[in-house]
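I have placed the structure first, in the form of structure tokens, so that the comments after it can refer back to it.
Note on naming: letters A, B, ... go to the chains in the order of the sequence lines (proteins, then strands), and numbering restarts at 1 for each one.
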There are 2 protein chains.
Amino acid sequence: MKNRQVTMKDIAKRMGVSSVTISKALNDKDGVSEELKAEIKRVSIEMGYRINTLAKSMKEGYSYNIGILIPERFTGDLQSFYMKFYNQVSKVLENYNYYAILEILDKKDEEELNFPRIYSENKVDGIIVLGQLNNDYIEMFQNIDIPNVFLDFYTDNSQFDSIVTDNFYGVYELTNYLIKLGHTNIGFVGNIHSTSSIQDRYLGYYKSLLEHNIPLKDSYIFKDRDDYGKYLDIELTGDLPTAFVCNCDQVAYNLIRRLNSLGYNVPNDFSVVGFDDDIYASLTTPPLTTVAVDVKEMSSVAVKIIIKKIKDKTAKYGRILIKGNVIYRESVNRIDCYSKS
Amino acid sequence: MKNRQVTMKDIAKRMGVSSVTISKALNDKDGVSEELKAEIKRVSIEMGYRINTLAKSMKEGYSYNIGILIPERFTGDLQSFYMKFYNQVSKVLENYNYYAILEILDKKDEEELNFPRIYSENKVDGIIVLGQLNNDYIEMFQNIDIPNVFLDFYTDNSQFDSIVTDNFYGVYELTNYLIKLGHTNIGFVGNIHSTSSIQDRYLGYYKSLLEHNIPLKDSYIFKDRDDYGKYLDIELTGDLPTAFVCNCDQVAYNLIRRLNSLGYNVPNDFSVVGFDDDIYASLTTPPLTTVAVDVKEMSSVAVKIIIKKIKDKTAKYGRILIKGNVIYRESVNRIDCYSKS
DNA sequence: CTGAAAGCGCTTACAG
DNA sequence: CTGAAAGCGCTTACAG
């Protein structure tokens, strides 16, 4: 058994007042004289009082916990990206006096459509889902009667609120930047049938071309992975563009190594840009111009929304796009300037 | 307000029994006939009952939460290592019907010696500290009256239980391996005054040399960082060893790039080993022979210990060393065999 | 096998 | 300004 904690009752007894008065004083509510309030606070510290949030929570009907649900497959070795989110969300929640509870949803539970345990056991007031769930599971989520928000992915079912990085706009900005530097032969590296975020990035690239009256060339679309996500050797034969827009930094990293091994130099022979600003962006030589996902802002918004939804169950937000930040580094050159960077 | 949940009372009313019987049935306790128990379970599912763990917790005096406390400075960009631990600990806790609550201890709170909020607010039954706290804070931790365990670091105060990777033994094994392959001129790369884990790794290297009657040479100790942890260019002049034992993978990565830029090949000209098996180990060409910290085992042990300490407040474990696993890759050659690997 | 009573530590609504 | 009473939803110990 736990050793007995100091309770409000103990303070009350010692001070000869009621525990109601203690509660009011410690919560800065009206109905206690300022002097008594100050004295109560002093004594409570002296006695080493710590509030029992469990009791408070039960009375109020709120746990002051938010669940963060991450499908197991996003927790592998290199997926530290999601942990960054978790970290940030957890930090933001503090400002609202909330805590984050992580649940990793294992494959089996996801397939068998079992409710998250944090939900079944009423551990949380709301759930932030981090990382794409399978469709059936998402459908099931509609039956969950606590607020939820999807972070970093979305679904076509408009019932759900989601917060995603603006893939489209980010690549659009990057491509505009390349064009401004004189590039007109610009390739896109990625399997445009693989994930919806790669697709959106591709469309941002395409929009930039459209706006500048640059025709889209099939031969400038370079497949980087098969439809199962397995990386392929990028085919670099025939007519090549002067700049490559890669769907992510890791692919840019692979591409640059590939180009190097063929005797090319980046950015002198080819300009290359990525997306994500993850560790690969700084491991390439030269470091990559890329788009940094705004983890901080996205996390803040996710928390704000879930807290609002807890207070107002009917609130709806839909799909919220958060702009990333273009990070300018040395992997890009003006097209008319082949002198070294 | 939350929409009202189904409670045991509701089930009781509907079935014409008391809520005590419901509680017994759902918890598989004695005192209910098997038929009634089965019927209660059926109805509770039908009614969509979810237990209110808050009420249960309050009654029992346990929150069924474990806090994971990570000092802020370990949550930066590249420290996904700690998140791996967090992940794993969280997964293991599930088996004990416990949940993990993350608290990132910010710099200010650490300096001002403020208790973690999860402690002040009684949110958790125990705390796992992940990442070295400053000494004063550790001293203060002695006054915390809930069980705690330090994960991945230790302190000389034997009051505390800690679980650390066996740095000493890991490097000892690696160095033995190099010697078995014929190396006798073996260098160590690291600032041996910088952290205690680097020091332990150095001593493992030294023990291996001792055992094989290989003299320790000052000139074979290569400083990789200053005393503040800032990386230095490693000085590679004069008499060089045939193999380098690096204190971590990132340093091995830096070293190999350095050697490459000087025109050397690894492993043909020099063998190199690292420690950690992090992303850098697979980014080097060739990939690194290194020691993988056994995150899984360390996390399991941490959880086992904290759960035991919750049940028995007097339990003591001291410093527990967990062996890492040597991962054999291609960055090492036999010394007598210069043909390619 | 079944249930009435008490209690976990708070907070809220109300009375004085 | 202060406090007695009731209640949040469970579980435990005890009585029948």
Identify the pairs formed between an N or O of the protein and an N or O of nucleotides 12-16 of chain D at a distance under 3.5 Å, and give each distance.
unit_1: dT12(D); atom_1: OP2; unit_2: Lys29(B); atom_2: NZ; d: 2.8

What's the [atom1]-[atom2] distance between [X] and [N], to the nearest Å?
{"X": "Glu39(B)", "N": "dC1(C)", "atom1": "CD", "atom2": "P", "value": "17 Å"}
{"X": "Met58(A)", "N": "dC10(C)", "atom1": "CE", "atom2": "C1'", "value": "8 Å"}
{"X": "Asn122(A)", "N": "dC10(D)", "atom1": "CG", "atom2": "P", "value": "8 Å"}
{"X": "Ile11(A)", "N": "dT11(C)", "atom1": "CD1", "atom2": "P", "value": "11 Å"}
{"X": "Asn52(B)", "N": "dG9(C)", "atom1": "CG", "atom2": "C1'", "value": "14 Å"}
{"X": "Lys9(B)", "N": "dC10(D)", "atom1": "NZ", "atom2": "C1'", "value": "11 Å"}
{"X": "Met15(B)", "N": "dC1(C)", "atom1": "CE", "atom2": "P", "value": "16 Å"}
{"X": "Arg50(B)", "N": "dG9(D)", "atom1": "CZ", "atom2": "P", "value": "13 Å"}

Counting just side-chain N and O atoms, does [X] come under 4.0 Å of either OP1 or OP2 of [N]?
{"X": "Ser18(B)", "N": "dT2(C)", "value": "no"}
{"X": "Thr21(B)", "N": "dC1(C)", "value": "no"}
{"X": "Tyr62(A)", "N": "dC10(C)", "value": "no"}
{"X": "Thr7(B)", "N": "dG9(D)", "value": "no"}
{"X": "Tyr49(A)", "N": "dG9(C)", "value": "no"}

Quiz item: Hey, what's the ring geometry for Phe150(B) with Phe153(B), parallel, tilted or perpendicular (30° and 60° as the breaks)?
Solution: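 Ring orientation, 0 to 90° scale: parallel.
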Practice problem: Among dC1(D), dT11(C), dT2(C), find the nucleotide with the atom closest to the side chain of Ile51(A). | Solution: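 Among dC1(D), dT11(C), dT2(C), the one nearest the side chain of Ile51(A) is dT11(C).
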Quiz item: Taking atom types as modelled, is there a side-chain donor on Tyr86(A) or Tyr86(B) under 3.5 Å from an acceptor on the other?
Solution: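 Result is yes, a qualifying pair exists.
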Quiz item: Going by distance alone, is a donor N or O of one side chain under 3.5 Å from an acceptor N or O of the other, for Asn157(B) and Gln142(B)?
Solution: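 Checked: Asn157(B)/Gln142(B) side chains pair up, N/O donor to acceptor below 3.5 Å.
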Hey, does [X] reach any base, or is it just sugar-phosphate, or nothing, if we go heavy atoms under 4.0 Å?
{"X": "Met8(A)", "value": "sugar-phosphate"}
{"X": "Leu54(B)", "value": "nothing"}
{"X": "Asn27(B)", "value": "sugar-phosphate"}

Quiz prompt | Whether Asn27(A) side chain and Lys24(A) backbone form a donor-acceptor pair below 3.5 Å | solution =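 Judged by distance alone, no pair lies under 3.5 Å.
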Practice problem: Count the heavy atoms of every other residue, nucleotide or ligand shown that sit under 6.0 Å from NZ of Lys9(B), and state whether that count exceeds 12. | Solution: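 Incorrect, the count does not exceed 12.
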Quiz prompt | Of Val17(B) and Ala55(B), the one whose closest DNA chain C nucleotide lies more 5' | solution =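 It is Val17(B), whose closest nucleotide lies nearer the 5' terminus.
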Quiz prompt | Paired nucleotide for dC1(C) [Watson-Crick or G-U wobble; both distances under 3.5 Å] | solution =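 Base-paired to dG16(D).
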Quiz prompt | side-chain contact (heavy atoms from CB on, under 4.5 Å) partner of Tyr99(B), the single match among Ile118(A), Val124(A), Leu102(A) | solution =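 The residue from Ile118(A), Val124(A), Leu102(A) that satisfies side-chain contact (heavy atoms from CB on, under 4.5 Å) with Tyr99(B) turns out to be Ile118(A).
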Self-check item: Minimum side-chain heavy-atom gap Thr7(A)-Asn52(A) below 4.5 Å
Solution: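 They are not in side-chain contact.
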Practice problem: Taking only Lys NZ, Arg NE, NH1 and NH2, and the carboxylate oxygens of Asp or Glu, determine whether Lys91(B) and Asp106(A) approach each other closer than 4.0 Å. | Solution: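 Looking at Asp106(A) together with Lys91(B), the answer is no, because their closest N to O distance does not fall below 4.0 Å.
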